[in-house]
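Below you'll find the structure, written out as structure tokens, and then a few comments.
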Amino acid sequence: MAVCPEQEHPTKAFGWAARDSSGVLSPFKFSRRTTGKNDVTFKVLYCGICHTDLSMLKNEWGVSMYPLLPGHEIVGLVTEVGSNVEKFKVGDSVGVGYLVGSCQSCDSCSNNAENYCPEMILTGGAKYYDGSTTYGGYSNIIVADEHFVVRIPDNLPLDGAAPLLCAGVTTYSPLRYFGLDKPGMHVGVVGVGGLGHVAVKFAKAMGVKVTVISTSPNKKKEAIENLGADSFLVSRDNGQMQAAMGTMDGIIDTVSAVHPLLPLLGLLKTNGKLVLVGVPAKPLELPVFPLISGRKIVAGSTVGGLKETQEMIDFAGKHNITANVEVIPIDYVNTAMERLIKADVRYRFVIDIANTLKSSS
């Protein structure tokens, strides 16, 4: 017989969860485990809303378990640490991202790439080591193993730092891994949304020339004047695309809608790399001839391991990089999801958990 979420663990907790694939969120009482010897417990102050939250809420990938309490861009203040915890103390600003567990023994885990572990445990909507359900950051408290917690630099505002734990590392990681971080390189960023806008900021901070590639001409001013891009290409303008052919060392493609890859491959130099970080619902068509005629690579990447996530947030602190956010109260979350479907946000919703989530919501 299934255990009631409120009685699964000793510590009472509350948040907002969906009960079915309608994805509608409402107040939800559940429980967290007590702070174990390797655990960090923290009060959640802010939690970003990622497009993955929306996909999971609506069971678009067929793996969702309900009740589902999402949120994996979580920041707050430490309230308790276990006896073995060495990296954190009460009062520290910390965060938890996309994962809260992994096997710690496979090749990926051994190489600080826990995000590629076959037994990776998602922060919300998965089964933890003890068989209990993981609940995400649309909640008042989080308990996580020290290994899966990162320190947030003191100079970063927590609301703007929260989305970096997913959107930030999702774009920072491929820039580093695929060597697209060298000053003087030319990198394209496809899409100016939650992922794309932080990709521009990270690439510019690395000293890279950045061209934003978008279907929307009206985003040019925003991309260049506010985000710091060097140039802008309208992907539907054949003349612009033709003029830029063979000019880019790499492209970070953040678009989650189905779109053609052939025009993007044409923008790459010989040995260029097209890295996909968006997740289209349907397969994309991959033309092979442009790959073999230019020794080009099409690759994928998702979030980052814990070591790299800490490196990313420290880099963000050094260069004062935050996401552009719209802070909302928890009771606006369903409206925010509807707006997210229409891409009506510049560029990331962040829930003000501390001031708006009440146990009697």
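In this chain, residues are counted from 1 in sequence order.
With respect to the salt-bridge test (charged N to carboxylate O, under 4.0 angstrom), the residues K269 and D249 qualify. Comment: D130 does not engage R33 in a salt bridge, judged by the lack of any side-chain N to carboxylate O separation of less than 4.0 angstrom. E326 has a carboxylate O that lies under 4.0 Å from a charged side-chain N of R339, or vice versa, which qualifies the two as a salt bridge. Using a cutoff of 4.0 Å between basic side-chain nitrogens and carboxylate oxygens, D92 and K87 are not scored as salt-bridged.
No more than 12 heavy atoms of other residues, nucleotides or ligands lie within 6.0 Å of CG in D154, so this atom counts as exposed by the packing criterion. Within a 6.0 Å sphere centred on OH of Y177, other residues, nucleotides and ligands contribute 12 heavy atoms or fewer. Counting non-hydrogen atoms of neighbouring residues, nucleotides and ligands closer than 6.0 angstrom, the CD atom of Q104 exceeds 12 such neighbours. Other residues, nucleotides and ligands contribute more than 12 heavy atoms inside 6.0 Å of the NZ atom of K127. Open room surrounds NZ on K307; 12 or fewer heavy atoms of other groups in view lie less than 6.0 Å from it. Heavy-atom contacts from other residues, nucleotides or ligands closer than 6.0 Å to CG of N155 number more than 12. Atom CZ of R19 sits in a crowded spot, with more than 12 heavy atoms from other residues, nucleotides or ligands closer than 6.0 Å.
With K296 contributing its side chain and T270 its backbone, the two residues share no donor-acceptor pair below 3.5 Å. Side chain of H147 to backbone of D145: no donor-acceptor contact under 3.5 angstrom is found. For T134 (side chain) and G125 (main-chain N/O), a donor-acceptor pair under 3.5 Å exists by modelled atom type. Not one N or O on the side chain of Y172 forms a donor-acceptor pair closer than 3.5 Å with the backbone of E308. Remark: the backbone N or O of S102 is paired with a side-chain donor or acceptor of Y129 at under 3.5 angstrom. A donor-acceptor pair under 3.5 Å is formed between the side chain of N334 and the backbone N or O of L25. Side chain of E114 to backbone of G305: no donor-acceptor contact under 3.5 angstrom is found. K201 places a side-chain N or O within donor-acceptor distance of the main-chain N or O of T322, the cut-off being under 3.5 Å. Distance alone, capped at 3.5 Å, is enough to place a donor-acceptor pair between the T123 side chain and the Y98 backbone. When atom types are taken as modelled, the side chain of Y135 and the backbone of G15 share no donor-acceptor pair closer than 3.5 angstrom.
How far CG of L264 is from CE of M241: 5.5 Å, rounded to the nearest 0.5 Å. To the nearest 0.5 angstrom, I49 atom CD1 is 12.5 Å from C166 atom SG. Taken to the nearest 0.5 Å, the NZ atom of K273 stands 10.0 Å off from the CD1 atom of I252. Atom CG of L164 sits about 10.5 Å away from atom OG1 of T309, to the nearest 0.5 Å. M206 contributes atom CE, which lies 9.5 Å from atom CG of L180 (distance to the nearest 0.5 angstrom). We find the NZ-NZ distance between K204 and K209 to be 9.5 Å, quoted to the nearest 0.5 Å.
Side chain to side chain, N324 and R346 fail the donor-acceptor criterion of an N or O pair below 3.5 Å. Using modelled atom types, one finds no donor on one side chain facing an acceptor on the other under 3.5 Å when comparing T79 with T41. Side chain to side chain, D314 and Q310 meet the donor-acceptor criterion of an N or O pair below 3.5 Å. There is no side-chain donor-acceptor pair under 3.5 Å between D230 and H186. For E8 and S132, the side-chain atoms include no donor-acceptor pair closer than 3.5 Å.
Under a hydrophobic clustering in which Ile, Leu, Val, Met, Phe, Trp and Tyr are joined whenever their side-chain heavy atoms come within less than 4.5 Å, directly or via other members, V192 and V234 fall into the same cluster.
M56 places a side-chain heavy atom less than 4.5 Å from the side chain of L68. Taking 4.5 Å as the limit, some side-chain heavy atom of L274 sits within range of a side-chain heavy atom of D253. Using a 4.5 Å heavy-atom threshold, the side chains of V189 and I251 count as separate.
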**Request:** Give the intermediate values and the outcome of side-chain contact (heavy atoms from CB on, under 4.5 Å) for residues L261 and H259.
**Result:** CA-CA 7 Å; L261 298 181; H259 59 289; 4.1 Å; yes
**Message:** Test side-chain contact (heavy atoms from CB on, under 4.5 Å) on V212 and K220; report intermediate values, then the result.
**Reply:** CA-CA 8 Å; V212 167; K220 180 176 181 178; over 6 Å; no
**Request:** I would like to know whether F30 and F14 meet ring-ring contact (aromatic ring centres under 6.0 Å, His included); could you show each step before the answer?
**Result:** CA-CA 6 Å; F30 65 108; F14 53 91; 8.3 Å; no
**Message:** Apply side-chain contact (heavy atoms from CB on, under 4.5 Å) to residues Y46 and I353 and explain how you reach the verdict.
**Reply:** CA-CA 5 Å; Y46 296 97; I353 298 290; 5.7 Å; no
**Message:** Please determine whether side-chain contact (heavy atoms from CB on, under 4.5 Å) holds for the pair T52 and H72, giving the CA-CA distance in whole Å, both sets of side-chain angles, and the decisive distance to 0.1 Å.
**Reply:** CA-CA 9 Å; T52 299; H72 56 260; 3.9 Å; yes
**Request:** Could you go through the side chain to side chain donor-acceptor pair (under 3.5 Å) check for T211 and S231 one step at a time?
**Result:** CA-CA 5 Å; T211 295; S231 55; 2.5 Å; yes
**Request:** Check the pair E222, H197 against side chain to side chain donor-acceptor pair (under 3.5 Å), reporting the backbone distance first and the verdict last.
**Result:** CA-CA 10 Å; E222 171 80 4; H197 89 285; over 6 Å; no
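S139 and L69 make their closest contact through CB-CD2, 4.2 Å (heavy atoms, listed as atom of the first residue, atom of the second, distance). Between P5 and F28, the shortest heavy-atom distance links the atoms CB-CZ, 3.7 Å. For Y138 against G48, the heavy-atom pair with the smallest separation is CE1-O, 4.0 Å. Heavy atoms only, all atoms of each residue included: V279 and W61 are closest at CG1-CZ2, 4.4 Å. Here the closest non-hydrogen pair linking D159 and V325 is O-CG1, 3.8 Å. The two residues P287 and P290 make their nearest non-hydrogen contact at O-CD, 3.5 Å.
Under a cutoff of 6.0 Å and an axis angle of 45°, R176 and F202 do not form a cation-pi pair.
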